[in-house]
Each structure stands twice: as C-alpha cells, then as structure tokens.
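One structure coming up, written as structure tokens, with questions to follow.
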Amino acid sequence: MSKHPEYDKWQELATKQMKGKPVESLHWQTPEGIVVKPLYTAQDLEDLETVNSLPGLGPYTRGPMATMYAGRPWTIRQYAGFSTAKESNDFYRRALEAGQKGLSVAFDLATHRGYDSDHPRVLGDVGKAGVAIDSVEDMKILFDGIPLDKMSVSMTMNGAVIPILASYIVAAEEQGVSHDQLMGTIQNDILKEYLTRNTFIYPPVPSMRIVSDIIGFCSKNMPRYNTISISGYHMMEAGANSVLQLAFTMADGLEYVRTALDAGLDVDEFAPRLSFFFGIGMNFFMDIAMLRAARFLWHRLMSQFNPQNPKSSMLRTHCQTSGWSLTEQDPYNNVIRTTLEALTSVLGGTQSLHTNSFDEAIGLPTDFSARIARNTQIIIQEESEICHVIDPLGGSYYLESLTDSIIKEAQKIIDEVEELGGMAKAIESGMPKMRIEESAARKQARVDQGLDVIVGVNKYKLKDEKIDFEIREVPATVRDEQINRLQEIKANRDNTAVQTALEAITKAAEGTGNLLELALPAIRARATIGEVTQAMEQVFGRYVATTRCISGAYASEFSADSEALNTLRDRTAAFLESHGRRPRMLVTKMGQDGHDRGIKVIASAYADIGFDVDIGPLFQTPEEAARMAIENDVHVVGASSLTAGHKTLVPGLVDQLKEQGGDEIIVIAGGIIPPVDYEYLYDRGVQAVFGPGTSIIDSATRTLELIEKQVQ
C-alpha cells in the first residue's frame with residue numbers, strides 16, 4: 001500500500017502534539033479484535049472490493065435499492081404488543097394515526113412457547129411481554145379495523161409459528177383478504193432460538209422442516225410475503241459483538257437456503273423473499289459498517305447457488321435499536337442512545353426500523369415513551385435532510401476500511417461454521433453459543449471496571465435516582481379474560497371438526513404433508529394455538545436445552561492486581577476454609593422467558609469470583625426451582641426476571657421454599673424490575689434486588705454478606 005505523500009509530515013506534527021508519544025499509542029482495538037487507527041487516507045482504500053459498487057447493483061454494499069431513501073424513506077415499523085388483543089389493537093391504531101407505517105407484532109411468551117393462556121406453566125407470563133393470542137378470534141381482534149390487504153405486518157414468531165401464521169392467514173380470509181394480497185414478514189428463524197432467545201418448542205430437525213414448509217407454502221400462495229427474517233438482533237442482545245452477530249446471521253441464512261433447496265424449491269422461487277433483522281448498538285461506525293458488510297457478504301455467499309434473479313442475492317433488512325444498551329439509571333439518557341442507534345441504522349441503509357422506548361429497562365413502554373420512540377424516526381426522516389443522498393458515508397476512508405475488516409473477520413467465523421458442517425451442526429457443537437456468552441461476560445467485566453463507559457451507570461452517576469414517569473403494568477386479570485374467551489370458543493365450536501383437523505396435522509408430522517397448509521382447516525374450525533402445537537408435539541416432542549456455563553471470561557478482563565476482584569476471591573476462599581464449602585448459588589429463570597444473557601453472565605462471573613454456581617434449566621416453575629435449590633443445598637437463589645412476571649414468580653419461589661422446607665435459603669432477584677416494585681418484593685421475603693446496570697462486583701459483595709450473615 002502506498003503512503004500519502006504528506007503522511008510523514010502529519011506523523012511528525014501529531015507526535016509533537018502528543019509530547020513525544022508515538023502515534024501508534026492512539027490505536028484502538030475493538031471488542032471484535034479489529035485494530036482501528038486514528039487516521040485513514042485514500043491509500044487505505046486501495047484494492048478494496050467494496051469501494052466501487054453502486055446502490056441497487058451487486059454486491060449492494062451501498063444499498064439494495066438504486067434510489068434508497070431519496071426515492072422512499074425506510075418504513076417506521078414499531079414492534080409492539082401487550083395485554084389483550086383489544087388493548088394492542090387500540091395501541092396500533094393510535095400509532096398508525098401518529099405516523100407509523102407498518103406493524104410489528106410482539107407476542108407474549110405463553111404464545112411463543114405454544115401454550116394457551118390457561119396452561120399452568122404460564123401463570124406469570126400471559127400478556128406481559130407481548131400480546132396474548134390463543135385462537136384466530138384473538139387474531140381477528142388484534143387486526144380489527146386494520147385492512148390486511150394494505151398493511152404490511154411483521155410478526156416475531158418462531159416456536160409456535162405454524163398456528164400463529166395460520167391464524168393470521170385465516171383472520172385475513174375472514175376480512176375478505178386473499179392469500180396473495182398479504183404483505184409482511186414472519187420471523188420463522190428457529191436456529192437463533194437455540195443460540196440465544198430460547199423460545200423454541202420442538203427439536204432442531206422437525207423445526208427446520210417447519211421452516212421449509214412455511215417457505216414452500218408462502219412461495220406458492222403468498223408471493224408478496226417474506227417467509228423468513230433471519231435474525232442477528234437476539235444474538236447482539238445476548239452479548240455478541242458486531243462481527244459475531246454478522247457471521248452467525250449469515251451462517252443461519254445459508255442453512256435456511258440449503259434447507260429450502262433440499263426440499264426441492266428453486267433458489268429464485270424463495271430467496272427473493274428472505275429478509276434479515278439486525279440489532280444496532282452504541283458503536284456508531286462499527287454497526288454502520290456491519291450493515292454494509294452484510295449486504296456484500298450475502299451477495300458473495302449466494303453466488304454459490306447460481307441465482308438468476310438479482311433479488312435472490314440482495315440482502316434487505318429490518319433493524320432495531322438495542323434493548324441491552326438502555327439503562328434503568330438516569331433513564332432519559334436512553335432517548336439519546338436510541339437516537340444514535342437509529343441514525344446508525346439509517347446511515348447503514350436499513351429498509352425498516354424499530355426504535356426502543358426509553359423506559360424499557362424499567363418496564364413495558366407506555367403511550368408517552370412509545371410516542372418519543374416513534375417520533376425519533378419521524379424527526380430523522382422529516383427534519384434532518386439526510387434522506388436526499390444515497391449512502392452519504394460511502395467513500396469515507398475509515399468506514400470503507402472498517403467495512404472491509406468486518407467482512408474479513410466475519411468470513412473467518414463463517415468458514416469455521418462451514419467446517420463444522422453448517423450452522424445446525426455448529427449449534428449442536430455449542431460453538432456459537434459459547435462464543436456469544438464469552439463476548440457477553442467480557443463486556444460486563446469491562447463495564448464493571450469502567451473501561452467501557454455507560455453514562456449514569458459507571459460514570460457521571462446521579463446522586464438521587466427518581467422515577468418521574470408512568471410505568472405500565474399488565475394486570476393479572478388479563479389471564480382471566482383470555483381463559484374466559486378460550487372457554488367460550490371451545491363451548492361454541494364443532495369439536496368433531498377440530499379433532500379431525502388436529503389428527504390430520506399429527507399424521508402429517510409423522511409422515512409428509514405441508515404443516516402450514518394442514519393447520520389452516522384446524523384454525524378455521526377454532527382450534528387453539530396450544531392444540532395445534534400439541535398436535536405436532538405428540539410426534540416431535542418438546543425440546544429441552546442443555547445448560548452450560550463458560551468460565552474465566554469475566555475474570556480475564558480484570559488485571560491480576562484488581563483489588564475489587566481479589567478482595568472478593570479472598571472472602572470466598574475464607575468462607576470455604578471456615579465452612580468446608582464455597583458459598584453456593586442457584587441462578588434460575590422462571591416462567592417462559594428464554595433470554596438467558598443475564599443468568600449466564602451472572603453464573604460465569606460469580607463462578608470466577610469463587611462461588612459454586614448451579615444454573616436451573618430454562619422455563620422452571622417456582623415449585624421446580626425451589627425443589628432444585630433444596631436438593632442442591634444452596635445458600636441463595638438468584639431469580640432473574642425480564643417479563644414483568646416478577647410479582648408472581650419470585651414471591652411464588654419464596655412460598656415454595658417455605659412449603660418444601662427450604663425457608664433458610666436466601667432469595668435475591670434481578671432483571672427488569674421497576675424500582676417501585678422493590679418494596680413489594682422485600683415484603684414477600686426477597687432479601688436483595690439488583691436492577692439493570694448493577695455492577696456484578698457490587699451484587700456479589702452484597703450476596704456474600706447475606707450468606708455470611710445467614711450461616712453465622
């Protein structure tokens with residue numbers, strides 16, 4: 001690479017201004033392992049493949065559409081859903097009237113996991129983190145007054161994807177909308193569930209068959225509908241850095257393409273309807289470059305399948321700002337964070353965007369916070385004037401060089417996955433999940449030491465934290481309403497027709513037949529989401545993941561002479577010497593929430609500190625968690641909550657420990673718990689609550705104090 005003719009003169013001047021320190025001391029290594037220089041010049045762009053492309057033309061680095069936002073701005077597609085279908089419908093209508101252009105449906109965790117609202121395992125989950133859908137009657141209410149032949153609808157659904165998509169199709173039929181008129185996207189990305197989000201139902205092999213059946217049915221009958229949204233977002237939220245998110249998302253996409261080809265579909269029949277979903281964090285230029293690199297990589301990876309339609313290798317994506325970057329502390333800072341992340345998405349060339357509400361680290365979004373989130377996008381579109389130029393950062397010395405670096409680093413990981421036999425085999429090996437969990441643990445350690453600054457959390461902290469805004473709470477009566485509607489539906493339907501349709505699904509699961517096509521008659525007959533799920537579960541079974549924990553990653557980010565870490569290690573060692581065993585902790589995630597970043601980071605870090613740590617299997621009930629705590633003879637149970645079920649599940653755990661004879665076991669809680677609910681939990685026997693942003697060093701210190709006091 002040639003050098004800029006005045007580079008030596010610049011280096012001399014820079015060294016002088018730095019009082020003799022070498023310019024190389026300004027180099028920065030990103031969490032992805034990419035070395036970033038303080039200065040880039042035209043010479044850094046020599047021989048880069050990404051530089052000379054144009055928007056709308058392969059490899060699409062500068063955008064999938066020729067005119068991008070100069071022709072039409074991105075779609076404002078806010079992800080929302082809570083409580084009942086009626087409440088969510090009201091929320092959607094208000095949002096559409098206020099300028100939102102598309103819908104993105106959030107379902108509650110009972111629905112994700114294929115349970116009807118009356119199932120005993122979903123006591124604390126109904127309507128809490130999304131809308132409860134038990135049958136097509138709920139789906140009809142959800143879209144009441146919203147014409148499905150004109151509205152693009154995205155649905156985040158993977159586990160119970162067959163009955164949910166069938167319910168959407170039947171709801172449209174009963175609006176008078178034919179299959180070929182439907183527009184939107186079904187996520188249908190089951191592989192990432194085994195990696196991060198964990199709202200799976202069936203084992204991987206039958207789940208991939210479901211993916212294939214949906215692609216096949218929609219390719220033939222719903223040509224305007226995107227049959228899969230390949231999601232990196234949940235990997236980012238689970239702790240993946242930008243290169244890991246990109247590489248594993250691309251590898252997932254390859255697996256789905258091969259699955260569809262193996263099912264006999266032509267690449268140009270389905271590939272143009274594939275879409276992607278990326279998470280955007282606070283590393284501004286890194287994530288802009290990630291989106292550009294994604295388009296380049298997907299075009300290159302798809303070339304091996306010889307598509308004839310240019311759209312088959314064109315990556316189109318939805319983006320969402322980060323939920324993990326939002327803080328409970330000084331929460332109005334989150335408006336600024338989300339604005340930066342939204343701008344990242346736009347400058348990276350997204351096709352649609354969701355902006356998170358500032359209060360999501362505390363509770364569910366309110367109308368007030370949702371309006372700010374939505375207006376963030378509207379203001380960028382309408383006031384910033386950035387939509388007039390296509391890829392305005394294209395040609396930036398730094399950005400183009402960074403894009404090339406991300407492509408190279410991501411390709412290395414994709415090659416690793418390919419050597420393992422593809423993403424399904426890689427997931428079986430545990431490699432991707434462990435890489436993501438290691439990345440998450442390292443990030444937390446850097447935050448806890450203040451090496452990665454989070455304003456209001458580990459720097460510039462407020463002395464007095466006050467919540468001066470409304471916090472949305474979903475009442476327990478939502479479950480009662482859903483159960484009443486279920487009973488009414490079952491009392492008024494033709495149960496013989498329902499049973500016949502369900503048996504046809506089970507028979508197809510045993511052999512052949514398109515499961516989505518066969519689910520339609522069952523849904524029309526008013527079979528429930530849980531019944532259709534169970535019809536397949538009889539054959540496929542319900543998958544139980546193996547829970548493992550990494551070690552050493554958290555502690556490795558601390559220096560050998562770290563006073564904070566070493567003090568805690570000395571105390572746990574002294575506890576071992578005094579009591580003949582280490583302080584022992586069970587970390588559990590009760591209910592149907594599968595997000596496990598928090599419990600995995602806690603487990604890894606506490607183990608590095610010197611605790612013995614057990615991790616409960618996902619989806620435990622309070623009764624099961626209490627039994628495991630007693631059997632494992634732990635000192636403390638750490639209960640994690642992200643789904644607003646903390647007022648049901650955590651007190652339930654305390655009660656079960658007492659009932660089963662383990663009332664000496666300490667219960668602590670963490671996660672998305674509004675500060676106004678802390679006293680409620682303390683009154684019910686919880687001894688400490690650690691909200692988002694709590695340093696693990698601080699929480700471990702407090703937990704150890706509680707244990708030491710208990711065993712005295």
**Report entry** Distance-only donor-acceptor check, side chains Y256 and N188, under 3.5 Å
**Finding:**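 Checked: Y256/N188 side chains show no N/O donor-acceptor pair below 3.5 Å.
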Query raised in the report: Can K412 and E409 be counted as an ion pair, charged N to O under 4.0 angstrom?
Result: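 Yes, K412 and E409 are salt-bridged.
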Query - Non-neighbouring partners of Y233 that pass ring pair (Phe, Tyr, Trp, His ring centres under 6.0 Å), sequence neighbours left out - result: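 Listed in chain order: F277.
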Query raised in the report: Mind checking what makes ring pair (Phe, Tyr, Trp, His ring centres under 6.0 Å) contact with Y398, not counting sequence neighbours?
Result: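 Only Y40, F285 meet the ring pair (Phe, Tyr, Trp, His ring centres under 6.0 Å) criterion with Y398.
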Query raised in the report: Any chance the side chains of S207 and Y194 put a donor and an acceptor closer than 3.5 Å?
Result: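 Their side chains do contain a donor-acceptor pair, which is all the 3.5 Å distance test asks for.
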**Report entry** Geometric cation-pi criterion, R702 with F690: 6.0 Å, 45°
**Finding:**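 No, R702 does not lie over the aromatic ring of F690.
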Query raised in the report: Hey, are S229 and Q187 close enough side-chain-wise for a donor-acceptor pair under 3.5 Å?
Result: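 No, S229 and Q187 have no side-chain donor paired with an acceptor closer than 3.5 Å.
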Query raised in the report: Taking atom types as modelled, is there a side-chain donor on T75 or Q351 under 3.5 Å from an acceptor on the other?
Result: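 Note: T75 and Q351 side chains miss the donor-acceptor criterion.
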Query - salt bridge (Lys or Arg N to Asp or Glu O under 4.0 Å) partners of K408, counting only residues at least two apart - result: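 Scan of K408 (salt bridge (Lys or Arg N to Asp or Glu O under 4.0 Å), adjacent residues dropped) gives D404.
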Query - Set of ring pair (Phe, Tyr, Trp, His ring centres under 6.0 Å) partners for Y678, sequence neighbours left out - result: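 Partners of Y678 by the ring pair (Phe, Tyr, Trp, His ring centres under 6.0 Å) criterion come out as none, since no residue qualifies.
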Query - Pairs where residues 275-295 contributes a residue and the test salt bridge (Lys or Arg N to Asp or Glu O under 4.0 Å) is met, not counting sequence neighbours - result: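 Sorted pair list: R292-D391, R292-E400.
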Query raised in the report: Looking just at side-chain N and O atoms, do E470 and T366 make a donor-acceptor pair shorter than 3.5 Å?
Result: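 Checked: E470/T366 side chains show no N/O donor-acceptor pair below 3.5 Å.
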Query raised in the report: Residues in ring pair (Phe, Tyr, Trp, His ring centres under 6.0 Å) with W74, at least two apart?
Result: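 In terms of ring pair (Phe, Tyr, Trp, His ring centres under 6.0 Å), with neighbours along the sequence ignored, W74 is linked to Y69.
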